[in-house]
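Reckoned from all heavy atoms, side chains included, excluding hydrogens, waters and symmetry mates.
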Amino acid sequence: MTIASPHLGSPSVWTDARLLYALEEVVEQELNRHLKVAKDWMPHEYVPFSDARNFPGFFEDGEAWDKEQSKVTEVGRIALVVNLLTEDNLPSYHHEIATLFGRDGAWGTWVHRWTAEEGRHGIVMRDYLLASRAVDPDKLEQFRMAHMSEGFESDNRHSMLHSIAYVAFQELATRISHRNTGHQSGDPVCDRMLARIATDENLHMIFYRNLLKSAFELAPDLTMQAVRDVVVDFRMPGHGIPGFERAAAQMAIGEVYNLRIHHDDVLQPVLRFLKVLEIDGLGPEGVKAQEELGLFMGGLDAEASKFDEKLAARKARMAARAGQS
């Protein structure tokens, strides 16, 4: 695919301010499209409040949390905590995108709309977790305080283009993580709730993906470099959560989110839709970034295949042990 461009791809021509202005009309179009297809929903309608009972503290009838009270699986519980703590950092995310994109015009309207929609996710997840006693409430709050007290700074805060590229992938990654958590949770109520959240995340991904498409048309070389940088160095926004590495490993084994899922269900769909590796007519830096991106994706696929083999071997060992018992 050839992208027609005046080759205004150098940093001296395309500043963040100029790109923001150039993309304003696209943001308005995408915002209007989003508002037409997005459906309002009520978080409280997805929470099993009839299962709730008091916790110890001010209530004399308070009942301490016990693992046996939880309906969700072990991997579901781990993933739910990670997912909720990630959503809890919404104030930091809002600050970052409001600083990058501004609070005026279509950009500002989108920033506030996105924040309002994301706010529902934290509300419904916390209410579900507490009402259903899915996780230890004391540890959950301790983790939240530790995570938010550390603050959050995006790896891509230095560049508007990098930020757009990042959220195009990250929103899809979040959708996949929520959806798979629901599938692995063992609780149909949880699965239904996370499916509703995932629908929002998918719409957010489409907004940013379409914006990224327009960025390619305006500044293909710079956008290609941004996509390469983001894909190569990608990490989820919840990486600062206490115990994240261990939780991520357990989620990988539990098939909530791992290298294969990241390659096949997150990176590839966005790259394929935008035909990133097929774009021609690029300048030297754009071509270099495109080649490096292709090489990285090939290497990631190979790493994912190794992980697949280890996971299959682990499942076989567990099945053999189960057969012997």
Side-chain angles (χ1 to χ4, degrees), residues 27-52 70-73 76-77 79-95 97-98 101 106-135 137 140 144 148 167-211 236-238 256-257 265-266 269-270:
V27 172
E28 184 175 1
Q29 292 171 354
E30 288 303 313
L31 173 62
N32 290 335
R33 181 199 56 76
H34 177 83
L35 294 175
K36 287 180 180 178
V37 298
K39 295 180 179 179
D40 278 343
W41 55 279
M42 302 298 130
H44 54 268
E45 295 180 355
Y46 288 81
V47 179
F49 286 109
S50 60
D51 292 347
S70 175
K71 295 179 181 178
V72 302
T73 60
R77 189 159 50 250
L80 280 163
V81 171
V82 170
N83 291 353
L84 175 56
L85 293 177
T86 301
E87 299 286 355
D88 275 333
N89 249 338
L90 182 59
S92 290
Y93 308 149
H94 173 84
H95 173 75
I97 66 171
F101 300 154
W107 280 105
T109 302
W110 166 254
V111 166
H112 295 303
R113 174 71 190 197
W114 175 87
T115 303
E117 292 184 3
E118 287 287 342
R120 287 181 177 140
H121 303 168
I123 291 170
V124 71
M125 288 181 69
R126 173 164 281 99
D127 286 351
Y128 165 80
L129 292 179
L130 296 180
S132 67
R133 292 187 167 236
V135 302
L140 182 65
R144 187 190 70 84
M148 294 191 71
V167 289
F169 294 104
Q170 180 265 320
E171 292 283 6
L172 181 53
T174 304
R175 171 207 163 192
I176 295 297
S177 180
H178 282 313
R179 203 68 194 91
N180 287 345
T181 298
H183 292 330
Q184 301 290 348
S185 70
D187 181 10
V189 175
C190 179
D191 192 23
R192 184 168 62 246
M193 172 194 66
L194 292 176
R196 177 58 261 189
I197 293 175
T199 298
D200 280 1
E201 302 290 8
N202 195 58
L203 291 178
H204 297 165
M205 179 276 292
I206 292 171
F207 178 96
Y208 287 118
R209 185 194 64 188
N210 292 351
L211 200 55
M236 292 292 275
V256 172
Y257 201 95
D265 300 337
V266 177
V270 176

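Remark: R179 engages D191 in a salt bridge (Lys or Arg N to Asp or Glu O under 4.0 Å) (not counting sequence neighbours). Residues passing the side chain to side chain contact (heavy atoms under 4.5 Å, CB included) test with S185, sequence neighbours excluded: V72, D187, C190.
Taking CD of Q184 as the start and CG of L194 as the end, the distance is 12.0 Å to the nearest 0.5 Å. Taken to the nearest 0.5 Å, the CG atom of L90 stands 6.5 Å off from the CD atom of E118. Note that CG of N210 and CD of Q29 are 10.0 Å apart. Values are rounded to the nearest 0.5 Å. The CD atom of E28 sits 8.5 Å away from atom OG1 of T109, with the distance rounded to the nearest 0.5 Å.
Between F207 and W114, every side-chain heavy-atom pair lies at or beyond the 4.5 Å cut-off. Taking 4.5 Å as the limit, some side-chain heavy atom of M148 sits within range of a side-chain heavy atom of R144. Here the side chains of Y257 and N180 are not in contact, with every heavy-atom distance at 4.5 Å or above. In this structure the side chain of S177 reaches within 4.5 angstrom of the side chain of N83, judged on heavy atoms. In this structure, the side chains of L85 and N89 stay at 4.5 Å or more apart for every pair of heavy atoms. Side-chain contact between L140 and V81 is present, with at least one heavy-atom pair separated by less than 4.5 Å. You'll find the side chain of V189 reaches within 4.5 Å of the side chain of R192, heavy atoms only. Here the side chains of L80 and R77 are not in contact, with every heavy-atom distance at 4.5 Å or above.
A donor-acceptor pair shorter than 3.5 Å can be found between the side chains of H121 and E201.
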Less than 3.5 Å apart, which donor and acceptor atoms pair up between the side chains of residues 36-52 and the rest of the protein, not counting sequence neighbours?
| residue | atom | partner | partner atom | Å |
| --- | --- | --- | --- | --- |
| D40 | OD1 | R120 | NH2 | 2.9 |
| W41 | NE1 | D200 | OD2 | 3.1 |
| D51 | OD2 | K71 | NZ | 3.1 |

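Enclosure of atom NE2 in H95 is not indicated, since only 12 or fewer non-hydrogen atoms of other residues, nucleotides or ligands lie within 6.0 angstrom.
By the 4.0 Å N-to-carboxylate-O rule, E117 lies close enough to R113 to be salt-bridged with it.
For the pair M205 and L172, the tightest heavy-atom approach, listed with the atom from each and the gap, is CG-CB, 3.7 Å. Heavy atoms only, all atoms of each residue included: I176 and D265 are closest at CG1-O, 4.0 Å. Smallest separation of non-hydrogen atoms from L130 and P137: CD2-CB, 3.7 Å. In terms of heavy-atom proximity, M236 sits nearest to A173 at SD-CB, 3.6 Å. Closest non-hydrogen pair, P237 versus T86, comes out as CG-CG2, 3.8 Å.
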Next item on the list: Could you walk me through whether H183 and V256 pass the side-chain contact (heavy atoms from CB on, under 4.5 Å) test, one step at a time?
Entry: CA-CA 9 Å; H183 292 330; V256 172; over 6 Å; no
Notebook entry, point to check: I206 and R209: side-chain contact (heavy atoms from CB on, under 4.5 Å), yes or no, with the steps?
Noted result: CA-CA 5 Å; I206 292 171; R209 185 194 64 188; 4.0 Å; yes
Next item on the list: Would you please test Q170 and R175 for side-chain contact (heavy atoms from CB on, under 4.5 Å) and show each step?
Entry: CA-CA 9 Å; Q170 180 265 320; R175 171 207 163 192; over 6 Å; no
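Distance alone, capped at 3.5 Å, is enough to place a donor-acceptor pair between the S132 side chain and the Y128 backbone.
By the 30° and 60° cut-offs, the orientation of the rings of H204 relative to W110 is perpendicular.
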